[in-house]
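Below is one structure; the comments refer to it alone.
Because only heavy atoms are used, hydrogens play no part in the values below, and waters and symmetry mates are left out as well, while side chains stay in. Given the structure is predicted, the values throughout are model-derived calculations rather than measurements. Here is the naming used below: chain letters follow the sequence lines, and residue numbers restart at 1 for every chain.
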2 protein chains.
Amino acid sequence: MTSAPQRGGHTLRTAPPRVRLVDVAREAGLSKTTVSAALNGTGRLSPAVREKARETARRMGYRPNATARQLRSGRARLIGYVVGEFAGTPWTYLESPYFAQLTSATAAAALKRGYALVMLPAGSLHSEWADLPLEAVIVADPVADDGVVEDLLAARIPVFSDGSVDGRPGAHWVDVDAEEAVRGTLEHLGSQGARRTALVLPDSTTRFHRGVLAAYRGWCAARGHTARVTFAADAGNGPVVRAVDSALTAAERPDALFVVAELSPPLVLEAARRHGYDVPGDLLVVCVSEDGTAEHTEPPVSTLSLQPREVAEAGIELLVAALENGDEGPSGVLVPTRLLVRESSRRPS
Amino acid sequence: MTSAPQRGGHTLRTAPPRVRLVDVAREAGLSKTTVSAALNGTGRLSPAVREKARETARRMGYRPNATARQLRSGRARLIGYVVGEFAGTPWTYLESPYFAQLTSATAAAALKRGYALVMLPAGSLHSEWADLPLEAVIVADPVADDGVVEDLLAARIPVFSDGSVDGRPGAHWVDVDAEEAVRGTLEHLGSQGARRTALVLPDSTTRFHRGVLAAYRGWCAARGHTARVTFAADAGNGPVVRAVDSALTAAERPDALFVVAELSPPLVLEAARRHGYDVPGDLLVVCVSEDGTAEHTEPPVSTLSLQPREVAEAGIELLVAALENGDEGPSGVLVPTRLLVRESSRRPS
DNA sequence: TTGAAAGCGCTAACAT
DNA sequence: ATGTTAGCGCTTTCAA
């Protein structure tokens, strides 16, 4: 007879050993099977026995051991969640309203289907959390050639990410249509009279940001406009404010600003004011943002929403389908963005 | 011979069965024991054998089953994270900079000690996630008589929360000193000439918010000042803006504003402007906020930081100590707040 | 130096 | 209707 680690593992020295199924069975004068069936509502048991088992379990404060169940069922119902951007500051992504919403919506959608989300540091690799029993991992906005995606795929762990993983076996994706989003926004701005729309973009290799840049350049080229792009050196208010400042002080002043780098809308307005622009009088403004402050500013700021909640829903739906019905079905889905036009981008007539 | 569920559980129909330790052992012509020891660097094995085991495992793409390990070790190294406030909208808490920072800092600190964080919906009860193998649960800012805390304690799951759980066996806490925070802020405001400081508070039963209210009232009473409290009906920009509006339009206009309800600092400034106040000329402003925009406004806004990162660090330290060294040691710790004085609360001389 | 076997706590196939 | 037993995949004691 071997002696396994202290019952209940290396847990609290002072903690009493946890009540197990067998303890309940013994106490009730029944077998494990019967108690298990009684508690799980399975099997054919006489109501009396079932009740007795339940009563005893309750009285003894029995709680099934989740790990044992997981092992038995072969399913952990745990999903990893890691974001590709922000690798330099692995835990700041939640401070972005976009990621805050994406993350919470993902957790919500997952939990609704019976899966829980495990938060992982941005930019971390599989090896750092290999001993978590994750059934799949969501990689939000991976950077170009993201190491995690490779690692995961090599370890045969299903990956849910964006369009950049298309075609890889075991990889699934949800994507926003950057091309269409940019076109829609620029057309809107154009329709309000903008001729010189400047773009402020994070210096990131995310698929979305790359897509935005390409679409913007394409749009300008097609119309013979000069592309006016300013890159924010880094995420965070400071660097993005500086990028906006520099976009607004260009020799040829822009008449519209499309801020894709995440910046609190009131701060965009303040920058405009600081540089002597009237919004929307001589500067139209649209921000890619999920920040609710946009509707409370004076004037309210138009935003392009990337619809993180819809993205999360679609992603989890795909994930559940893949995990539970095998790998068939579409491996990707496109979610449309939504342009919320407010006063900041409506040229007064 | 029984036939357990499909090897690997109900996983992908098309997925090949996962490589197990025994598969590697067979392939290498060794025993499970030997391969396990080789891979874990334990036991006394000849270098040749160890290498052979490792090589075979690598070649076959072996990855240990995390659930089996957990069962064996009796430890899941998983911590639940649930917030008490926001029960009405269980997933919006991340949109608050305070909770975003608290959450990410908690996840970071936990992971550093080898624990991963599982995100749970705000206001949810133990029964909704009873089948997750959580070794402990962190209940951030529980509301008065929070059901989760009771549930968890009854289920003998260690709880880490705030001072409101003090004294309960199995409960541990980290708290901010609301009394001192309020006193410090009001003194600062007073030193800058404020005589009529209005307070804007969420209508919440959180320990911190209750503490702030009590401290504020006490402070006013001690000095014979009238207490000027406005409650924000709800979280979110809209309701809090309305509360600020109403505080600013009181018959007797305040000369200082202490905004404890979470609101984007630029929006506080805008409200002041809207009502004809000059900040800091005739209204001093201090916000309880972790929002980085505070330093980028004109004027920059003074904030009282609740130091979520320090709170998280302290909490996880306590948690690890309790989980790993038994339940002794202090069951609670107090973390000081930090007043960051900026231009918005410095009376120009 | 290596291997056989027990057992973590649970569920389900099978026998009674 | 209820119980016996095997086994999920792993680590560890103990024997060889």
Side-chain angles (χ1 to χ4, degrees), chain A residues 1-11 17-26 28-53 56-57 60 62-77 130-133 135, chain B residues 1-11 17-26 28-53 57 60 62-76 130-133 135:
Chain A
M1 158 115 188
T2 79
S3 91
Q6 283 305 334
R7 274 277 324 293
H10 302 263
T11 50
R18 249 179 80 157
V19 178
R20 297 156 304 167
L21 191 60
V22 62
D23 299 321
V24 177
R26 190 163 16 232
L30 297 167
S31 76
K32 289 198 304 174
T33 312
T34 306
V35 178
S36 172
L39 264 28
N40 294 327
T42 58
R44 297 158 293 285
L45 305 181
S46 73
V49 168
R50 173 154 293 168
E51 188 39 46
K52 162 147 207 171
T56 311
M60 300 179 71
Y62 168 73
R63 291 181 310 108
N65 178 310
T67 303
R69 284 181 154 186
Q70 289 183 353
L71 180 59
R72 179 60 232 224
S73 70
R75 313 237 10 210
R77 307 199 73 93
D131 41 54
L132 292 172
E135 286 189 40
Chain B
M1 157 115 189
T2 79
S3 90
Q6 282 305 335
R7 274 278 322 295
H10 302 264
T11 49
R18 248 179 81 156
V19 178
R20 297 156 307 167
L21 191 60
V22 62
D23 299 321
V24 177
R26 192 168 9 235
L30 298 166
S31 76
K32 289 199 304 175
T33 312
T34 306
V35 177
S36 172
L39 264 27
N40 294 327
T42 59
R44 297 158 293 282
L45 304 181
S46 72
V49 169
R50 174 153 290 167
E51 188 40 48
K52 164 146 205 172
M60 299 178 73
Y62 169 73
R63 291 182 311 110
N65 179 311
T67 303
R69 285 181 153 185
Q70 289 184 353
L71 180 60
R72 178 61 234 224
S73 70
R75 313 236 14 212
D131 42 55
L132 293 172
E135 286 189 40

Task: Between D:dC10 (P) and B:R63 (CZ): distance, integer Å - done: 10 Å

Task: N/O (side chain, B:R72) to phosphate O (OP1/OP2, C:dG7) under 4.0 Å - done: no

Open item on the list: What's the separation between atom CZ in A:R69 and atom CZ in A:R75, rounded to the nearest 0.5 Å?
Closed with: 14.5 Å

- [ ] Respond yes when some side-chain nitrogen or oxygen of A:S36 is under 4.0 Å from OP1 or OP2 of C:dT11, and no when none is.
- [x] yes

Open item on the list: Nearest to the side chain of A:S46, heavy atoms from C-beta on, is which of D:dA1, D:dC8, D:dT12?
Closed with: D:dA1

Task: Residue whose nearest DNA chain D nucleotide is more 5′ - B:Y62 or A:P47 - done: A:P47

Open item on the list: So if I take every side-chain heavy atom of B:S31 and compare against C:dG3, C:dT2, D:dG3, which nucleotide ends up nearest?
Closed with: C:dG3

TODO: Consider the side chain of B:L45, meaning its heavy atoms from C-beta on, and name the nucleotide among C:dT2, D:dT11, C:dT11 that approaches it most closely.
DONE: C:dT2

- [ ] Report yes if some heavy atom in the side chain of B:V24 is under 4.5 Å from a heavy atom in the side chain of B:L39; otherwise report no.
- [x] no

- [ ] Could you grab the distance from atom OH of B:Y62 to atom CZ of B:R20, nearest 0.5 Å is fine?
- [x] 10.5 Å

TODO: Decide yes or no, distance alone: a donor-acceptor N/O pair under 3.5 angstrom between the base of D:dT4 and the side-chain of A:T33.
DONE: yes

Task: Length of the line joining A:R44:CZ and D:dG3:P, which is rounded to integer Å - done: 14 Å

Open item on the list: From the set C:dG9, C:dG3, D:dC10, return the single nucleotide nearest to any side-chain atom of B:R20.
Closed with: D:dC10

Open item on the list: Pick the closest DNA chain C nucleotide for A:T42 and for B:L71 by heavy atoms, then say which residue is nearer the 5' end.
Closed with: B:L71

Task: Protein-nucleotide distance (B:N40, atom CG; D:dT13, atom P), rounded to Å - done: 13 Å

Open item on the list: So if I take every side-chain heavy atom of B:L21 and compare against C:dC10, D:dT11, C:dA4, which nucleotide ends up nearest?
Closed with: D:dT11

